[in-house]
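Here's the structure, in structure tokens; my notes come after.
Quick note on labels: first sequence line is chain A, next is B, and so on, each numbered from 1. Reckoned from all heavy atoms, side chains included, excluding hydrogens, waters and symmetry mates.
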Amino acid sequence: MARSSVLSLLNASAAPTAPVLIQGWVRTRRDSKAFSFLEINDGSCLRSLQVVADASLTNYAEVAHLRTGSSLEVEGDLVPSQGGGQAWELVARRITLHGATPEDYPLQKKGHTPEFLRSIAHLRPRTNLFGAVFRVRSRMAYAIHRFFQERGFVYVHTPIVTASDCEGAGEMFRVTTLSPEEMKQGVPDFFGKPTYLTVSGQLEGETFACALSNIYTFGPTFRAENSHTSRHASEFWMIEPEMAFCNLEGDMALAEEMIQYLVSTAMEECAEDLAFFNKFVDKELLTRLAFVRDRPFARLPYTEAVEILLASGRSFEYPVAWGQNLQAEHERYLTEEHCRCPVTVFDYPKDIKPFYMRANEDGRTVAAMDLLAPGIGEIVGGSQREERLDVLRGNLARQGLSGEAYSWYLDLRRYGTVPHAGFGLGFERLLMFVTGVSNIRDVIPFPRVPGSAEF
RNA sequence: UCCUCUGUAGCUCAGCGGUAGAGCGGGUGGCUGUUAACCACUAGGUCGUUGGUUCGAUCCCAACCGGGGGAGCCA
């Protein structure tokens, strides 16, 4: 007999004429005098299916002692439920136990703290919260591919292991086959030069944009920064589109369109899971997402953002001054209080931005943009790239970077250079925004953060 | 890396300078088409680790380890 998903049975419009089969895990059991109720979840959706197990079942004594977490399969008849609370229930003809749980199974029916669940990351997908998070994660990953593929973007697999040790995006993990002693003795390494885990696929992505026009990458990224915050992980996933013949305006437009597309998709395709987050994680979630989906984003030149902050009358812990990076508290004011919606801040001072960003005509800013989301902060960071060979060379020299190491990158400007632009979207930050989950460790299956790489 | 809070039963927590308690969860029994079910009984803890102060430390002090929140950096 073919397996039916709990989802398909719960959504049944009419009772099937033949018996059905489900396979899953017990969420809870309630006993009556002559029968037991089992709630079975198979991960196909948030809800569980109520199974009625009558005492006449041959293995009823065993069934009546099943604990949360036990795995089994049930063959039976789907019928309209006699009780309230669910439309359908499954009256069991046969229950086959795959694996019982002993009494030390750590998950209870009641709520657990996210901190405790992190310590049992191998079991937490079995909870309502994490089941929902990872279903949404999967849908969002698919939606990202769909968004770009529908617009003719080519998916490029940029390398995980890289020799670019000065991409400037953060501290890097060293990749080596050498022992510490061998490294000291100068033994040649596997690749013949120092190599690292990538902190960004952008530079390699640019090379493909300068051939295929519109490309995107979507893969793991590694930063060896010693950050202890709810927004940083050492290993995370990033989406980096790059577009040839595109300026900052087009870059910002794509980022905003993408965020709205993803929010809209989540609301359509993950409605049940989002309703759960709205109820138990963040009561403002659906209101905020609908707002983001339906309203245009604000756009502020950096200079204007600074003026707004200076005129706000707020006393910030860090002073506001043109030429300084916007602090988290400044970004929060702009997006949560001044604009009350996502804000794209653009045209940043050139001295606080990396060498590859395009110099503006004013001589003091670059065509950079950050998309700030309420409650999360920076969710997208991007720029138009400097396509003028001489300007780019000057930037490298000014930042003390060797033109030799970037010769292949400079070649893109030597041979048929084009204006181009792109950005990076932190996938986990997007998920935090879409689910309302406030810690990045709870939207990635097995989080890696400084001091912790369990599982 | 810095600031700050925290570590007592499987979970969430209370407690006190004289070696510990609740609720939930587990077990047993009862009851009911139940649905975070309910009622009764019951088991379960070298109070994060190592030192120190003290007649005596879970409690006070120090260091270390783990966890949370914030800052910086960024996505």
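On the P atoms, rC11(B) is 24 Å away from rA36(B), given to the nearest whole Å. Atom name C1', nucleotides rG23(B) and rU8(B): the rounded distance is 15 Å, in whole Å. Using atom C1' as the reference point in both rU34(B) and rC39(B), the two lie 16 Å apart (nearest Å). Comparing the same atom, C1', in rU28(B) and in rG66(B) gives a spacing of 37 Å after rounding to whole Å. Of the P atoms belonging to rC60(B) and rU6(B), the separation is 11 Å, rounded to the nearest Å. Rounded to whole Å, the separation between the C1' atoms of rA40(B) and rG52(B) comes to 48 Å. Comparing the C1' positions of rG17(B) and rC61(B) gives an interatomic distance of 14 Å, to the nearest angstrom.
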(message) How would you summarise protein contacts on nucleotides 7-13 of chain B per nucleotide, using B for base, S for sugar-phosphate only and - for none, with heavy-atom distances below 4.0 Å?
(response) ---BSS-
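By the neighbour-count criterion of 12 heavy atoms within 6.0 Å, atom CZ of Arg340(A) is sparsely surrounded, having that number or fewer from other residues, nucleotides or ligands. The environment of CZ in Arg295(A) is sparse: at most 12 heavy-atom neighbours from other residues, nucleotides or ligands sit within 6.0 Å.
Rounded to whole Å, atom P of rA75(B) lies 15 Å from atom CG of Leu430(A).
In this entry rU1(B) has rA71(B) as its Watson-Crick or G-U wobble partner, both defining distances falling under 3.5 Å. With a cut-off of 3.5 Å on both pairing distances, rU19(B) has no Watson-Crick or G-U wobble partner at all. Using Watson-Crick or G-U wobble geometry with both donor-acceptor distances under 3.5 Å, rG66(B) finds its partner in rU6(B). Across all strands shown, rC60(B) forms a Watson-Crick or G-U wobble pair with rG52(B), both key distances being under 3.5 Å. Pair assignment for rC41(B): rG27(B), on the basis of Watson-Crick or G-U wobble contacts that are both within less than 3.5 Å.
Just one of Phe218(A), Tyr261(A), Phe153(A), Tyr155(A) meets the ring-ring contact (aromatic ring centres under 6.0 Å, His included) condition when paired with Phe148(A); it is Phe153(A).
Residues Glu304(A) and Arg299(A) are not paired through a salt bridge, judged by the lack of any N-O separation under 4.0 Å between the basic side chain and the carboxylate. Between Asp351(A) and Arg364(A) there is no salt bridge, since no side-chain N of the basic residue sits under 4.0 Å from a carboxylate O of the acidic one.
For rG33(B), the base has a donor-acceptor partner in the side chain of Gln82(A) [N/O atoms by modelled type, under 3.5 angstrom]. Judged by distance alone with a 3.5 Å cut-off, no donor-acceptor contact links the side chain of Arg231(A) to the base of rA75(B). You won't find any donor-acceptor pair under 3.5 Å spanning the side chain of Glu317(A) and the base of rG70(B), going by distance alone. You'll find a donor-acceptor pair under 3.5 Å spanning the side chain of Gln86(A) and the base of rU34(B), going by distance alone. Side-chain N/O atoms of Arg429(A) and base N/O atoms of rC74(B) include a donor-acceptor pair closer than 3.5 Å.
Per the stacking criterion (ring centres < 5.5 Å, plane angle < 30°), Phe35(A) does not stack onto the base of rG33(B).
Distance from the side chain of Asp31(A) is smallest to rU32(B) among rG26(B), rU32(B), rG72(B). Of the candidates rC73(B), rA71(B), rU32(B), the closest approach to any side-chain atom of Arg332(A) belongs to rA71(B). Listed candidates were rG70(B), rG68(B), rG33(B). Nearest to the side chain of Asn439(A) is rG68(B).
By the 6.0 Å and 45° rule, Arg429(A) does not stack over the aromatic ring of Phe433(A).
Nearer to the 5' terminus of RNA chain B, by closest-nucleotide assignment, is the contact made by Glu39(A) (compared with the other of Glu39(A) and Asp370(A)).
Within 4.0 Å of Lys109(A), counting heavy atoms only, lie sugar-phosphate atoms of the nucleic acid but no base atom.
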